[in-house]
Amino acid sequence: MKTLPSAIFIMGPTASGKTATAMHLLESGLPVELISVDSALVFKDMDIGTAKPTPAELARAPHHLIDIIDPTAVYSAAQFRLDALALMADITARGKVPVLVGGTMLYFNTLEQGMHDLPVANAELRAQLHQEADLIGWPAMHSKLAALDPITAARLEPNDTQRIERALEVCILSGKAMSAILAEPAREILPYDPLKIALVPSDRAVLHQRIALRFDQMLDGGLFDEVKMLREKYPLNLDLPSMRCVGYRQAWEYLEGEVDLKVCREKGLAATRQLAKRQLTWLRGMNNLHTLDCNATNLTQLAQNLCATHITI
RNA sequence: GGCUCGUUAGCUCAGUUGGUAGAGCAGCGGAUUGAAAAUCCGCGUGUCCUUGGUUCGAUUCCGAGACGAGCCA
């Protein structure tokens, strides 16, 4: 029986020390290459608010899938899966082990579980659906979905705008109900043997302190200037995924004069904590995790030991 | 020192014509298939500052005290 090539996943909430851990693995001499699993780090020129590794860090420890698209562009879990699998194949062919490190749990999930054959997003159709929703409201759009795909409509809340829109889009583009496509058994399996390491805080209050510290460093470090620069350089608006990133949305509102500095900071902190919470929810639902306490002082060493064992086997 | 206003959930405050109270934010839990750092759903017992009085019953009305803010000396 043929054994699958190794891969390493390093997952954890924001500010849990993922980047430091991944860099340590590389610098400790293990034969690895790093792939970022982060829906915000893909954007060029968004450095401060995303806590992107510094140019010096990236020079020492190159990460794939950082700075790959403009802030006006849209990325997706499906695109990530294609990109990551291509990179993983290259890395493995070079005799190395891919280390996937990041906090976008849907991307990890998609990479591992695969996706069904759903139609790609269509901006024109979405614009039409939006127009219609403005007229009749999302609960009415939910009713329309119920006529086309009652199973999907039943599991979606009438206010879950994104999922209702997507389900309608799938029905219209494919001519089939989304639920029918998802019911088909075919699922691609990840052709790798992943060692899944989760960095989880033993005490969430400590993580919240680190989040607060890091957010204040972003404000001091020029987050507002970065957002100003982005708005001058690109035709951006608040509906773009890039400007919905935590910190950017709040900085945008501050620059528009909609909120004062204190409210901007509070909302930014709250959004970051909510993000960490959702990331932890994902981790709780995942199987075969090796969980490490991200507050542990010897975190990087523990991770290195785990990986060394996995790679030699 | 005198006067005025305030004291209710972790925070900011509603409210109870007297029948022991509820919003926003925070916090916690959950969902999640091409936007996911997105989108959405669920969760509220707290000496209603303390103490006396009136009352069948006071967080609510009255008196006294404590603390805070403002104004006047």
Side-chain angles (χ1 to χ4, degrees), chain A residues 13-15 36-43 46 49-52 69 71-83 102-123 125-126 129-130 133 138-139 142 152 154-167 169-170 173-174 177-184 186-188 204-205 207-208 211-212 214-215 218 237-252 259 262-263 265-286:
Chain A
T14 187
S36 165
V37 185
D38 192 304
S39 62
L41 295 187
V42 297
F43 294 114
M46 291 173 57
T50 60
K52 192 176 283 176
I69 59 172
T72 49
V74 176
Y75 201 58
S76 70
Q79 187 60 48
F80 167 81
R81 187 170 201 275
L82 294 175
D83 292 345
T104 302
M105 302 308 165
L106 177 67
Y107 288 9
F108 278 112
N109 201 50
T110 298
L111 179 63
E112 200 178 2
Q113 308 287 328
M115 295 194 99
H116 284 82
D117 190 23
L118 296 166
V120 299
N122 183 305
L125 176 57
R126 287 188 180 192
L129 291 169
H130 258 103
W138 281 103
H142 184 257
T152 299
R155 78 178 168 89
L156 297 182
E157 297 289 338
N159 288 320
D160 194 348
T161 58
Q162 276 188 15
R163 291 197 177 76
I164 293 168
E165 177 183 78
R166 174 61 180 158
E169 179 183 54
V170 168
L173 292 178
S174 70
M178 186 178 181
S179 55
I181 300 174
L182 295 184
E184 290 164 15
R187 281 206 161 186
E188 290 179 81
R204 204 181 297 181
L207 184 70
H208 287 178
I211 286 171
R214 200 165 80 168
F215 194 76
M218 287 176 188
N237 64 69
L238 266 187
D239 290 330
L240 287 168
S242 61
M243 287 302 109
R244 291 196 174 201
C245 285
V246 166
Y248 290 88
R249 191 198 311 231
Q250 290 79 22
W252 182 293
V259 298
K262 182 163 171 275
V263 172
R265 179 174 179 277
E266 279 172 6
K267 287 179 126 182
L269 281 176
T272 313
R273 287 192 221 108
Q274 294 292 332
L275 164 63
K277 201 175 109 176
R278 270 178 270 127
Q279 290 169 318
L280 289 169
T281 301
W282 271 107
L283 287 175
R284 247 177 258 137
M286 288 180 168

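Each chain gets a letter, A, B and so on, in the order its sequence line appears, and its residues count up from 1.
- Using a 4.0 Å heavy-atom criterion, one finds that A/Tyr75 contacts the sugar-phosphate atoms exclusively.
- For the P atom pair drawn from B/G57 and B/G29, the interatomic distance equals 45 Å after rounding to whole Å.
- Nucleotides B/C41 and B/U33, compared at atom P, are 15 Å apart to the nearest Å.
- Considering all non-hydrogen atoms of both residues, A/Leu173 and A/Val120 come closest at CD1-O, 3.6 Å.
- Remark: the separation of the C1' atoms in B/A9 and B/G46 is 6 Å, to the nearest Å.
- For B/G29, one of the phosphate oxygens OP1 or OP2 lies less than 4.0 angstrom from a side-chain nitrogen or oxygen of A/Arg284.
- Counting non-hydrogen atoms under 4.0 angstrom, A/His142 reaches nothing in the nucleic acid.
- As judged by a 4.0 angstrom heavy-atom cut-off over every strand, A/Val120 is placed among the base-contacting residues.
- Using a 4.0 Å heavy-atom distance criterion, A/Arg126 is classed as a base contact.
- Between the C1' atom of B/C25 and the CZ atom of A/Arg265 lies a distance of 15 Å, rounded to the nearest Å.
- Look at B/G34: its glycosidic torsion is within 90° of 0, and that puts it in the syn range.
- Residue contacts shown for A/Arg166 include a base, since a base heavy atom lies under 4.0 Å away.
- The main-chain N or O of A/Arg249 is never found under 3.5 Å from a side-chain atom of A/Lys267 such that the two would form a donor-acceptor pair.
- Only the C1' atoms considered, B/A21 is 10 Å distant from B/A14, to the nearest whole Å.
- Between A/Thr110 and A/Phe80 there is no side-chain heavy-atom pair separated by less than 4.5 Å.
- B/U8 and B/C49: their C1' atoms are spaced 10 Å apart (whole Å).
- Looking only at atom types and distance, the side chain of A/Tyr107 has no donor-acceptor partner in the side chain of A/Asp38 under 3.5 Å away.
- In the model, A/Ser76 has no side-chain atom that pairs as donor or acceptor with a side-chain atom of A/Arg81 under 3.5 Å.
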B/S/- contact track for nucleotides 37-44 of chain B, protein heavy atom under 4.0 Å: BBBSS---
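- A/Glu157 and A/His142 share no side-chain donor-acceptor pair at under 3.5 Å.
- Here the side chain of A/Ser76 is nearest to one of B/A35, B/A31, B/G27, namely B/A35.
- Judged purely by atom type and a 3.5 angstrom limit, A/Tyr248 uses its side chain to pair as donor or acceptor with the backbone of A/Gly49.
- Within the structure, every side-chain polar atom (N or O) of A/Arg81 is placed at least 4.0 Å from both OP1 and OP2 of B/U33.
- Considering every non-hydrogen atom in both A/Pro13 and A/Leu280, the closest pair reads CG-CD2, 3.9 Å.
- The CD-C1' distance, from A/Gln274 to B/G29, rounds to 11 Å in whole Å.
- Comparing the C1' positions of B/G15 and B/U59 gives an interatomic distance of 11 Å, to the nearest angstrom.
- Rounding to whole angstrom units, CD of residue A/Glu266 and C1' of B/G24 are separated by 13 Å.
- One P atom belongs to B/U12, the other to B/A69, and the distance between them is 14 Å to the nearest Å.
- At whole-Å resolution of the value, CG in A/Leu283 and C1' in B/G30 are 15 Å apart.
- Taking atom P in both B/U60 and B/G19, the straight-line distance is 11 Å, to the nearest Å.
- Contact detail for A/Met46 and A/Ser242: the closest heavy-atom pair is CE-O, 3.3 Å.
- Both key distances under 3.5 Å define a Watson-Crick or G-U pair, and stretches of 3 or more such consecutive pairs in RNA chain B run B:1-7 with B:66-72, B:10-13 with B:22-25, B:27-31 with B:39-43, B:49-53 with B:61-65.
- Remark: C1' of B/G34 and CD1 of A/Ile181 are 12 Å apart, rounded to the nearest angstrom.
- Taking atom CD of residue A/Gln79 and atom C1' of nucleotide B/U33, one finds them 15 Å apart after rounding to whole Å.
- Going from atom CG of A/Leu280 over to atom C1' of B/A31 covers 16 Å, rounded to whole Å.
- Panel note: side chain A/Gln279, backbone A/Thr14; a donor-acceptor pair is recorded below 3.5 Å.
- Considering CG of A/Asp83 and OH of A/Tyr75, their distance stands at 3.5 Å, rounded to 0.5 Å.
- In this structure, A/Gln250 reaches neither bases nor backbone, as no heavy-atom distance under 4.0 Å exists between it and the strands shown.
- Put simply, CG on A/Leu156 is 10 Å from P on B/U32, counting in whole angstrom units.
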